[in-house]
Visitor: 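Before we start, here is the structure in question, set down as structure tokens.
Below, chain A is the first sequence line, B the second, and so on; all start at residue 1.
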2 protein chains.
Amino acid sequence: MARDEQNLRAAVEQSAAVLTAAGFPRMPARVLMALLVADEGGLTASELAESLGVSAAAISGGVRYLRSLGIIHRMPQPGSRRERWEIFDDAWYTALAGKNSVYGSFADTAAQALDAIGDPASAGARRTREMVDFFRYIEGKMPELLADWEALRAERLANRDGRAGD
Amino acid sequence: MARDEQNLRAAVEQSAAVLTAAGFPRMPARVLMALLVADEGGLTASELAESLGVSAAAISGGVRYLRSLGIIHRMPQPGSRRERWEIFDDAWYTALAGKNSVYGSFADTAAQALDAIGDPASAGARRTREMVDFFRYIEGKMPELLADWEALRAERLANRDGRAGD
DNA sequence: CACAGTATTCACAAATTTGTGAAACGAGCG
DNA sequence: CGCTCGTTTCACAAATTTGTGAATACTGTG
């Protein structure tokens with residue numbers, strides 16, 4: 001079965017739209033999805049621009065954003081000025097782990113609010129304390145969850161190898 | 001210790017800023033934090049407006065958004081037109097569970113991309129498949145994580161009661 | 001060391017989001 | 001049943017975000 005470019009484009013756009021709806025900036029989301037489905041070796045800026053139908057400048061901005069998140073990287077091609085952009089294999093893992101620190105800093109600022117409330121028995125204090133506890137709990141459990149995923153993934157890969165390379 | 005209004009305001013704004021940085025719209029974030037730290041009985045729209053220093057219209061919009069997310073509710077006061085808005089106790093729990101469905105729909109659209117790629121052995125297919133698997137895994141584990149939190153919370157409350165109401 | 005091909009930056013236009021004041025609406029009270 | 005207070009809706013202004021074309025900077029090649 002060959003690449004169904006038309007459906008692929010549509011699915012890329014739709015997935016990017018989901019990310020956008022979740023608060024992710026538009027262009028980075030589109031670039032990210034394009035890189036996700038790209039073949040081995042990633043894509044150049046101009047390939048991205050052509051594929052997404054946008055200017056080179058837009059790609060440059062999107063790429064800078066994604067790089068600042070540490071989920072893509074540049075692969076300088078020896079003997080060519082054309083650099084290829086590639087998504088890290090653990091991009092999503094990293095992104096989710098990173099969001100974890102958002103939970104953490106949110107809990108931290110909320111904890112300051114908790115201090116400022118004073119009376120620990122008040123409704124506001126109880127509510128706030130419970131929220132802080134909740135996010136700290138999630139934050140604490142996430143590493144375990146991710147580790148479990150890693151283990152499961154490694155196991156799958158081992159099985160696949162065991163079956164003589166699929 | 002009494003309420004330190006000044007620090008409380010600052011902490012509320014800062015927490016709202018963290019939410020905003022994470023993609024949450026600004027005014028809803030501010031309203032949400034104000035309601036979180038509010039005393040028993042929640043706040044009226046005008047109290048929110050005064051506390052946040054914005055117009056009644058802005059509050060109305062923010063409140064509508066939060067209600068659409070199902071994390072606050074209106075408490076009609078008998079004998080008064082002033083309705084009080086209150087945050088649900090399980091607001092954050094709900095929000096996180098809801099985000100879970102975002103993971104799900106993201107995985108779904110990405111799975112469509114996977115189909116469109118065709119060749120399952122290609123780099124793009126491998127990458128995409130792994131991402132889909134990852135989010136499905138997270139999505140699957142989250143209920144368990146939340147249930148564990150519930151259990152822990154119930155246990156804490158029981159202990160507190162056991163110690164004769166703190 | 002100048003040239004050619006790419007990538008990045010910049011100023012700006014378009015689109016979207018955000019918040020306001022004024023008007024409309026709705027519920028209790030005299 | 002009209003008045004009053006509080007909330008919601010609406011049209012619009014301000015601010016922010018998003019993406020473009022043109023100019024600039026960078027790197028390898030002849």
Visitor: Could you tell me how far apart A/L43 (CG) and C/dT6 (C1') are, to the nearest whole angstrom?
Guide: 16 Å
Visitor: To the nearest Å, give me how far apart CD (B/E83) and P (C/dG28) are.
Guide: 9 Å
Visitor: Tell me which residues in residues 24-32 of chain B put a heavy atom below 4.0 Å from DNA chain D, sorted by number, or none.
Guide: none
Visitor: Could you state the atom-to-atom distance from CZ of A/R84 to P of D/dT27 in whole Å?
Guide: 19 Å
Visitor: For the side chain of A/W85, counting heavy atoms from C-beta on, which of D/dG21, C/dT8, D/dG19 is nearest?
Guide: C/dT8
Visitor: Using a 4.0 Å heavy-atom cut-off, does A/A45 contact any base of the nucleic acid, only the sugar-phosphate backbone, or nothing at all?
Guide: sugar-phosphate
Visitor: Drop me the distance from A/L69's CG to A/R67's CZ, to the nearest 0.5 angstrom.
Guide: 12.0 Å
Visitor: Do you know the tightest heavy-atom contact between B/L48 and B/A34?
Guide: CD2-CB, 3.7 Å
Visitor: Which whole-number value in Å describes the distance from B/I59 CD1 to C/dG19 P?
Guide: 10 Å
Visitor: Please work out which of the three classes, parallel, tilted or perpendicular, describes the rings of A/Y93 and B/F134, given edges at 30° and 60°.
Guide: tilted
Visitor: May I have the distance from A/Y65 (atom OH) to D/dT17 (atom P), rounded to whole angstrom?
Guide: 11 Å
Visitor: Could you report the tightest heavy-atom contact between B/S15 and A/T109, atom names first, then the distance?
Guide: OG-OG1, 2.9 Å
Visitor: Could you pull out the closest heavy-atom pair between B/E86 and B/G41, with the gap in Å?
Guide: OE2-N, 3.4 Å
Visitor: For the residue pair A/M33 and A/V12, what are the closest heavy atoms and their distance?
Guide: CB-CG1, 3.7 Å
Visitor: Output the rounded distance in Å from CE (B/M75) to C1' (D/dT7).
Guide: 18 Å
Visitor: Distance check needed: C/dA27 P versus B/R74 CZ, whole Å only.
Guide: 10 Å
Visitor: For D/dT7, does either OP1 or OP2 sit under 4.0 Å from a side-chain N or O belonging to B/R67?
Guide: no
Visitor: What is the distance from CD of B/E47 to P of D/dC5, rounded to the nearest Å?
Guide: 17 Å
Visitor: Is the phosphate of D/dG6 approached by B/T44 (side-chain N or O, under 4.0 Å from OP1 or OP2)?
Guide: no
Visitor: Which of residues 49-56 of chain B sit near DNA chain C, with a heavy atom under 4.0 Å from it?
Guide: B/V54, B/S55
Visitor: I need the single residue from A/E47, A/H73, A/E40 that forms a side-chain hydrogen bond (donor to acceptor under 3.5 Å, both in side chains) with A/R84. Which is it?
Guide: A/E47
Visitor: Hey, what's the ring geometry for B/F135 with A/W92, parallel, tilted or perpendicular (30° and 60° as the breaks)?
Guide: perpendicular
Visitor: What class does the angle between the rings of B/Y137 and A/W149 fall in, given that below 30° is parallel, 30 to 60° is tilted and above 60° is perpendicular?
Guide: tilted
